[in-house]
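Remarks on the structure that follows.
Values in this document were obtained by computation on a predicted structure and should not be read as measured data. Counting convention: from 1, in listed order, for ligands and their atoms alike.
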Amino acid sequence: MTERPYVLLSCATSLDGYLDDASGQRLLLSNEADLDRVDEVRAGCDAILVGAGTVRRDDPRLLVRSARRRAERVARGLPASPTKVTVTGCGDLDPAARFFTTGDAERIVYCATPAVEKTGERLAGRATVVDAGEPVDPAWALADLAARGVDRLMVEGGANVLGQFLTAGLADELHLVLAPFFVGDGRAPRFVGDGSFPWHPGRRARVAETRQIGDVVLVRYALSERCDAG
Ligand SMILES: NC(=O)c1ccc[n+]([C@@H]2O[C@H](COP(=O)([O-])OP(=O)(O)OC[C@H]3O[C@@H](n4cnc5c(N)ncnc54)[C@H](OP(=O)(O)O)[C@@H]3O)[C@@H](O)[C@H]2O)c1
């Protein structure tokens, strides 16, 4: 396989495994202390990837929030926040989304071939739009990111994207945060849908760490030999 970055998946779910509710408002699953932990993980990565669905639905900034961590990155010769990366098939991305308008970090859009021209025009000056085939192959995108100098990638959702990285065996580590409540609404997105996962009853993933953070629990799973259980 082509060289790829170290891939760390990160998400928070309800006790019944939902990533969000169906209300149209962004559901806060995490708490302040955990968001600060996520900020630290972000600051240690070269790039952060979310699917186009998350860009549309959550309108995330994907910036390092802490001024101290931004300053430390700059002192190391890095941009204040990691490169932002998204993936789209149809190219329906708003150039006014915070993904494109906040921070100085580079932005890369892996776009399926049929929508590349239109998406390139729409996002001109806002992002580098890369023709990534049809459909976009996550392994190809990872190899391209490696060629652009990305050694460590954080994938922050959503359900569709997390499922693809997991089923393709393209993840080294999973940070799963459990929020202490239920969503109980089948219309909401679950943490991954159906699929053939490399971890199953006959091949269990390894728990590298558990940590209580206020009222949530972080479980860190090692999904490859590259992840140090230390
Ligand atoms: N709790 C958490 O930690 C967390 C984190 C992130 C997101 N979320 C939630 O997750 C939900 C969004 O999840 P989602 O599954 O709807 O969306 P998603 O995974 O963020 O994005 C899916 C979209 O990405 C594009 N895409 C993904 N793989 C592709 C491929 N191989 N080729 C081409 N395009 C590809 C497609 O975009 P196009 O439609 O543009 O073609 C697809 O519709 C939201 O409710 C959000 O709040 C929760």
Side-chain angles (χ1 to χ4, degrees), residues 7-31 34-35 37-39 41-42 48-62 84-95 97-100 108-116 118-120 122-123 127 129-145 153-168 170-171 174-183 185-195 213 216-220:
V7 176
L8 186 161
L9 309 186
S10 173
C11 68
T13 75
S14 61
L15 289 179
D16 48 350
Y18 288 100
L19 285 178
D20 198 358
D21 61 20
S23 70
Q25 305 292 315
R26 187 174 185 172
L27 176 68
L28 186 64
L29 288 144
S30 197
N31 58 35
D34 185 55
L35 289 173
R37 176 197 63 81
V38 171
D39 196 59
V41 176
R42 274 186 185 171
I48 305 172
L49 183 150
V50 296
T54 296
V55 174
R56 286 192 289 266
R57 157 102 185 176
D58 293 354
D59 195 16
R61 291 182 178 82
L62 301 181
K84 302 187 209 181
V85 183
T86 190
V87 54
T88 181
C90 70
D92 179 15
L93 288 164
D94 182 354
R98 292 192 285 205
F99 181 97
F100 299 108
I108 302 173
V109 177
Y110 288 103
C111 183
T113 304
V116 163
K118 169 188 76 169
T119 309
R122 183 180 297 151
L123 299 177
V129 176
V130 179
D131 184 341
E134 166 66 348
V136 176
D137 175 1
W140 186 90
L142 287 180
D144 187 75
L145 285 171
L153 173 71
M154 184 174 186
V155 178
E156 292 203 45
N160 178 313
V161 160
L162 291 168
Q164 289 182 60
F165 278 84
L166 285 165
T167 53
L170 294 172
L174 169 64
H175 292 189
L176 183 63
V177 165
L178 271 182
F181 58 82
F182 296 82
V183 167
D185 185 342
R187 295 168 302 168
R190 274 193 188 275
F191 169 46
V192 306
D194 296 349
I213 304 169
V216 304
V217 176
L218 163 71
V219 187
R220 195 163 64 83

N/O donor-acceptor pair under 3.5 Å between N160 side chain and L162 backbone: no
Using 0.5 Å steps for rounding, measure from the CE atom of M154 to the CD1 atom of I48. 6.5 Å
Which distance, rounded to the nearest 0.5 Å, do you find between the CG of L170 and the CD of Q164? 9.5 Å
CZ on R56 to CG on D94, rounded to 0.5 Å: 10.5 Å
Carboxylate-amine/guanidinium contact R57 D21, below 4.0 Å: yes
Within the heavy-atom cut-off of under 4.0 Å, ligand 1 is lined by C11, A12, L19, D20, L29, G51, A52, G53, T54, R56, R57, D58, V87, T88, G89, C90, V136, E156, G157, G158, A159, N160, V161, Q164, P189
Return the CG to CG distance between L35 and L28, rounded to the nearest 0.5 Å. 6.5 Å
